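See below for the structure under consideration.
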2 protein chains.
Amino acid sequence: MGRPSMAAERTEQIMQATARCLQKHGLAGTTLERVAEESGLSRSHVRHYVGNRDDLLQKFANWLYSGYEAEFIGRIAGADGRDKLPIVMDYLFSTGFLPISDDDTVIRELITAGIADERIRVVMQTHYTQAIQSVEDALAAEHPEASPGARRAVAYGLWCLAMGNSMMAELQLPVASGGLVRAAAESLLERLSRHG
Amino acid sequence: MGRPSMAAERTEQIMQATARCLQKHGLAGTTLERVAEESGLSRSHVRHYVGNRDDLLQKFANWLYSGYEAEFIGRIAGADGRDKLPIVMDYLFSTGFLPISDDDTVIRELITAGIADERIRVVMQTHYTQAIQSVEDALAAEHPEASPGARRAVAYGLWCLAMGNSMMAELQLPVASGGLVRAAAESLLERLSRHG
DNA sequence: CGTTTTCTTTTCCGAAATGACAATCAATTA
DNA sequence: TAATTGATTGTCATTTCGGAAAAGAAAACG
């Protein structure tokens, strides 16, 4: 064996720096140099540990979503029965004091990257497919009598509501921070309560 | 007077080239050089007529949305009564064969630009405020008996649904092209039919 | 020790984009 | 015809980024 590997720590450093960069400077502004600066390492370090810029973004997507898988998808799968839906609703429409979570910006930038880069896109496709499925599972636990088609539409609707609202919030549109999405989301949910 | 100004035609050329660039190469790839190439003019031309890159994007935002104002907001204001809502629904959820309209990509890139640049953001804020108001007007025409709060929530909900779905469509998520949003949107509408 | 492995630092090159400036050309009007 | 206004073209310097490679330093292990 040679010198012990710093890869694990360094990669973590770099990923977190990448997140901060995406948040502060957007996708185009997330250059290897800036990530290096933000992480306190040199650009050569970044290249050494994660490769070129495309590699960086792809690894970052994996890193980010594997975190979410534990935090969201995992938590829903772990919760039982009627505990699921409140978790989902809070996650999608948490109306805390922060208008948007820090991650929302990062995610949107990543989506932009995914439109151009297939590897990133695939990561996001599989993640989002799972996430929407989790929403559907939560709905199924709450409304087992509803039709699968209706559940699917509502699940996807909730998801789109959350994504769309996050976009509007990033534009600092006043209407985005008034809890109006949550009202719309509740309306969607009512459909499942009404006709079985 | 000197030589007659070509500003009007040239600007139009440049704006259309900018749209094509945003669509093909994204925000980061929309450089003055590429816009010049796409428009058939020289980079000096672009600089001469629209200024630097930030100026270009701001002028483009104005140009794009003044077009939409005529096409969408204007059309709704012009339609009478119960003709409004179908126009809105078609505009937001047109389920044609194209998974997404050409402009959707451009708009999303512009939103990304608006997050960083305040001048662009202001343009988009005012436009979207008006657009959501138009949706609300259409709902008011169809459901005059519904409560204003409910209408507002549904209007904003429809808008978010459309935005979120457009994002998912750009990621080529299969679920985005199945007409599922439209189903969710119809569910939202039902809320206004039910309790006045 | 010395070898091996990995980390770390440094240097170089090329491409692309921006900003600024200058010079020439063309059309209109006095 | 001359002056003026704006169009058109071209050039230069600077910056930033990305990609690649080389060389040195540090730690484990036999």
Side-chain angles (χ1 to χ4, degrees), chain A residues 1-61 109-110 112-114 116-120, chain B residues 1-61 109-110 112-113 116-117 119-120:
Chain A
M1 289 252 173
R3 188 173 174 170
S5 173
M6 304 285 292
E9 298 96 308
R10 294 294 191 223
T11 302
E12 182 68 19
Q13 262 183 288
I14 292 170
M15 291 304 143
Q16 291 186 2
T18 304
R20 285 195 297 275
C21 272
L22 283 171
Q23 192 185 318
K24 286 197 272 187
H25 308 113
L27 178 65
T30 299
T31 65
L32 292 183
E33 300 213 349
R34 236 195 279 257
V35 170
E37 181 190 6
E38 186 79 35
S39 65
L41 303 173
S42 72
R43 192 167 68 88
S44 300
H45 275 121
V46 178
R47 267 192 68 74
H48 181 71
Y49 286 106
V50 302
N52 63 25
R53 187 169 181 273
D54 286 344
D55 295 334
L56 168 67
L57 290 178
Q58 195 218 340
K59 283 180 180 161
F60 177 76
E109 293 298 328
L110 209 51
T112 303
D117 185 317
E118 186 181 351
R119 293 187 304 169
I120 297 179
Chain B
M1 294 255 168
R3 189 170 175 173
S5 171
M6 304 286 290
E9 298 98 307
R10 293 298 189 221
T11 302
E12 183 68 19
Q13 260 184 291
I14 292 170
M15 293 302 143
Q16 291 186 2
T18 304
R20 287 195 296 274
C21 272
L22 283 172
Q23 193 184 319
K24 285 197 273 187
H25 310 290
L27 179 64
T30 299
T31 65
L32 292 183
E33 298 213 353
R34 235 194 280 257
V35 169
E37 181 189 7
E38 185 79 34
S39 65
L41 303 173
S42 72
R43 191 170 68 86
S44 300
H45 273 122
V46 178
R47 268 192 66 74
H48 181 70
Y49 286 107
V50 302
N52 64 26
R53 189 169 180 274
D54 287 343
D55 295 334
L56 168 67
L57 290 178
Q58 194 220 342
K59 283 181 180 157
F60 177 75
E109 295 295 330
L110 209 50
T112 303
D117 185 317
R119 293 187 303 169
I120 297 178

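Values in this document were obtained by computation on a predicted structure and should not be read as measured data. Basis for what follows: all heavy atoms, side chains included, without hydrogens, waters or symmetry-related copies.
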Whole Å only: how far is the [atom1] atom of [X] from the [atom2] atom of [N]?
X	N	atom1	atom2	answer
B/Met6	C/dC25	CE	P	19 Å
B/Arg10	D/dT8	CZ	C1'	9 Å
A/Gln13	C/dT8	CD	P	9 Å
A/Asp54	D/dG19	CG	P	7 Å
B/Ile14	D/dA7	CD1	P	11 Å
A/Glu37	D/dG18	CD	P	13 Å
A/Asp55	D/dG18	CG	P	12 Å

Handout entry: Main-chain N/O of A/Arg53 paired with A/Arg47 side-chain donor or acceptor, under 3.5 Å
Key = no

Fill in the blank from the handout: Closest to the side chain of A/Pro4, out of D/dA27, D/dT8, D/dA7, is D/dA27

Practice task
Measure from the side chain of B/Glu33, starting at C-beta and using heavy atoms only, and say which of C/dA17, D/dC17, D/dA7 lies closest.
Solution key: C/dA17

Problem - Enclosure of A/Glu37 CD (heavy-atom neighbours >12, cutoff 6.0 Å) - result: no

Practice task
Report yes or no: do B/Gln13 and B/Arg10 form a side-chain donor-acceptor pair below 3.5 Å?
Solution key: yes

Completion exercise
Sorted by number, residues from residues 40-53 of chain A placing a heavy atom under 4.0 Å from DNA chain D are A/Arg43, A/Arg47, A/Asn52, A/Arg53

